[in-house]
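Ligands are counted one by one from 1 in listed order, and the atoms in each one are counted from 1 as well.
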Amino acid sequence: MAEQQVVADLRENCATPASLLRDVAAAMADEMCAGLEKEGGSRVKMLLSYVDKLPTGREEGLFYGLDLGGTNFRVLKVQLGGNDKHVISRESRELAIPPHLMSGSSSELFGFIASELAKFVADEEQGTSLSNGKTRELGFTFSFPVRQRSVASGTLVKWTKAFSIEDAVGKDVVAELQTAMQKQGLDMHVAALINDAVGTLAGARYYDEDVVAGVIFGTGTNAAYVEKANAIPKWEGELPNSGEMVINMEWGNFYSCHLPVTEYDQSLDNESLNPGEQASLFYSLPVLAVEHWLNCILWFFQIYEKLTSGMYLGEIVRRVLLKLSLQSSIFGEIDRTKLKTHFHLRTPHISAMHHDNTPDLKIVEEKLKEILEIAGTSLETRKMLVEICDIVTRRAARLAAAGLAGILKKLGRDGSVDKRRSVIAIDGGLFEHYAKFSKCLEATLIELLGEESSKFVVVKHADDGSGIGAALIAASQSQYRNVE
Ligand SMILES: Nc1ncnc2c1ncn2[C@@H]1O[C@H](COP(=O)(O)OP(=O)(O)O)[C@@H](O)[C@H]1O
Ligand SMILES: O=P(O)(O)OC[C@H]1O[C@@H](O)[C@H](O)[C@@H](O)[C@@H]1O
């Protein structure tokens, strides 16, 4: 039957045998080296964070954090106790980012951020000012690719996820924020600008000195890790005393012809806000040659992210269900309006259906009706839907694990020779809330490293690491810090 063929093809085209994952891991390690070699050396940008010293536990004082993610925006205030007292108090507020601001203007977005920060400061401080006239200091976590010129300045390279604010591209995001804060009469110094993966690494390192990487699986995906400063050929600046530099990999843009990209991924990329550039010059070649070339070098944008992160998993499943509804009669005669609406099926929806352990898959039935107006499905059909969620999410989790194995391989810390304990701190709503994703990721990493070697590698969930991380890095860069 047609539906069986659609699912069989999906299963085959999403297959991630260990041999393929090892090729992906090796390709990730190679791309990391290429990206460190020279600017533009790889699609994996390997951006310098200018964070050359990680939290020591001695940080102290009152610091604010601003965390602009792909879905949510968080403001927080952290009182650090110094001398390993760690965090004395922490207040935070999370807001969903109004979707219209994701495609408006730079001043509207930063105006919103500054106004929410001003409200938060006013509520928290009730008018009290900092002791001895110090200016409030802020760590700004910005979850988009930024080419940094220092630890507290950098220009937006390109928007990703659901953002497309053209007049912000190429702008210094700290200058944009400072301008918006001045308009709000908010006197605050941005002591650090960091990516959320860098923040997660810093926040986790504060509690565990074996942390080597901070990784995000949320709306998007990214990874940051600690690199030896003398292993960054493209860096022309003077080497830091610490001998280390945190690299913001921006691994979402990783591409390898080993990645199992399906027709659904290609159409998703073509129709996304940030499509890849088609290699149009090859269109003039005979069809077979074009087919071959396009399979190997078809330029995607953020394709690794589109295969593995929260913004896209639900959308991939929607595209499969739409094909099923057009090529088979398993849903009967339905109004396809919702089924044809991009991103209408969200990853939390497929997570709820995927984790449905009721005997008749009642949650699946509910979600299909509520979200897609598909009613009267048989238990057989609902089981097929769960299998589709499982295929798409397992591919994501296994590719995610391959990426982590690639970082460990590049660092020589995959447990095969170097037996030091290595901790990977992971944050993000997908990892935190989608149990089958995170469990499959962890199991796959053990599969790839081997039982023995994997004993030296720890994966831990670092809850809101990036928020605390931003405050910690602000503390370490504070204009009032005691210079060691
Ligand atoms: N219950 C859930 N099940 C699966 N995925 C979820 C769930 N809740 C949230 N997510 C995913 O997490 C993403 C939000 O990630 P989060 O890290 O909280 O925010 P941000 O991406 O803004 O930093 C959402 O886009 C969604 O894809
Ligand atoms: O926290 P979020 O919104 O899921 O972001 C994760 C990653 O999403 C990617 O799209 C960005 O390029 C990264 O900079 C970011 O770290």
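Scanning all protein heavy atoms for the shortest distance to atom 2 (P) of ligand 2 gives K161 NZ, 3.5 Å. Given atom 5 (N) of ligand 1, the protein heavy atom at minimum distance is T347 CG2, 3.7 Å. Nearest protein heavy-atom neighbour of atom 9 (C) of ligand 2: E305 OE2, 3.0 Å. Of all protein heavy atoms, the one lying nearest to atom 1 (O) of ligand 2 is D196 OD2, 2.5 Å.
Near T160, meaning under 4.0 Å from one of its heavy atoms, ligand 2 places the atoms 9 (C), 10 (O), 11 (C), 12 (O). For ligand 2 and N195, the ligand atoms under 4.0 Å from any heavy atom of the residue are 13 (C), 14 (O), 16 (O). Those atoms of ligand 2 with a heavy atom of N222 less than 4.0 angstrom away are 7 (C), 13 (C), 14 (O), 15 (C), 16 (O). Taking a cut-off of under 4.0 Å to the non-hydrogen atoms of I216, the atoms of ligand 2 that pass are 1 (O), 4 (O), 6 (C). For ligand 2 and G218, the ligand atoms under 4.0 Å from any heavy atom of the residue are 4 (O). Remark: ligand 2 atoms within the under-4.0 Å shell around heavy atoms of G69 are 3 (O).
Heavy-atom proximity to atom 16 (P) of ligand 1, evaluated over G429, A435, G314, P348, is greatest for G429. Nearest to atom 3 (O) of ligand 2 by heavy-atom distance, out of G252, P145, G70, is G70. Taking all heavy atoms of H433, R74, E315, M311 into account, the minimum distance to atom 8 (N) of ligand 1 is reached by H433. Counting only non-hydrogen atoms, the option in D196, N72, L68 that gets closest to atom 18 (O) of ligand 1 is N72.
F144 and F163 have their aromatic ring centers within a separation under 6.0 angstrom.
Among all heavy-atom pairs drawn from N13 and P260, the shortest one is O-CB, 3.4 Å. The shortest heavy-atom contact between G403 and W251 is C-CZ3, 3.3 Å. Of all heavy-atom pairs spanning S267 and R319, the tightest one is OG-NH1, 3.0 Å. When all heavy atoms are compared, the tightest approach of R395 to T262 is NH1-CG2, 3.5 Å. Minimum interatomic distance between Q184 and G111 (heavy atoms only, all atoms of both residues): NE2-O, 4.1 Å.
Between F431 and H461, the two ring planes are tilted [angle within 30° to 60°]. Using bins of under 30°, 30° to 60° and over 60° for the plane-to-plane angle, the ring pair F73/F112 lands in the tilted bin. Ring geometry, F110 versus F140: the interplanar angle exceeds 60°, so the pair is classed perpendicular (tilted spans 30 to 60°).
Look at S143 and you'll find every heavy atom at least 4.0 Å from all atoms of ligand 1. At least one heavy atom of Q302 sits closer than 4.0 Å to an atom of ligand 2.
Between atom CG of residue L404 and atom CD of residue E442 there is a gap of 10.0 Å, rounded to the nearest 0.5 Å.
Every N/O-N/O distance between G69 and ligand 1 stays at or above 3.5 Å. Below 3.5 Å of separation, one finds an N or O of T219 facing an N or O of ligand 1. Ligand 1 has no N or O atom lying under 3.5 Å from any N or O atom of G218, backbone or side chain. For the pair F142 and ligand 2, the shortest N or O to N or O distance does not fall below 3.5 Å. For ligand 2, one of its N or O atoms has an N or O atom of E250 under 3.5 Å away. Taking any N or O of F144, backbone or side chain, at least one lies under 3.5 Å from an N or O belonging to ligand 2.
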Side chain to side chain contact (heavy atoms under 4.5 Å, CB included) between L307 and D265: does it pass, once the steps are laid out?
CA-CA 7 Å; L307 294 175; D265 308 306; 3.4 Å; yes
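Taking Q79 as the reference, L62, I88, S89 meet the side-chain contact (heavy atoms from CB on, under 4.5 Å) condition, with sequence neighbours excluded.
Judged by the 6.0 Å distance and 45° axis criteria, K439 is not positioned over the aromatic ring of Y434.
Using a 4.0 Å cut-off between heavy atoms, N248 makes no contact with ligand 2 at all. With a heavy-atom cut-off of 4.0 Å, S351 touches ligand 1 through its side chain alone.
When side chains are defined from C-beta on, K410 counts as touching L36, because their heavy atoms get closer than 4.5 Å.
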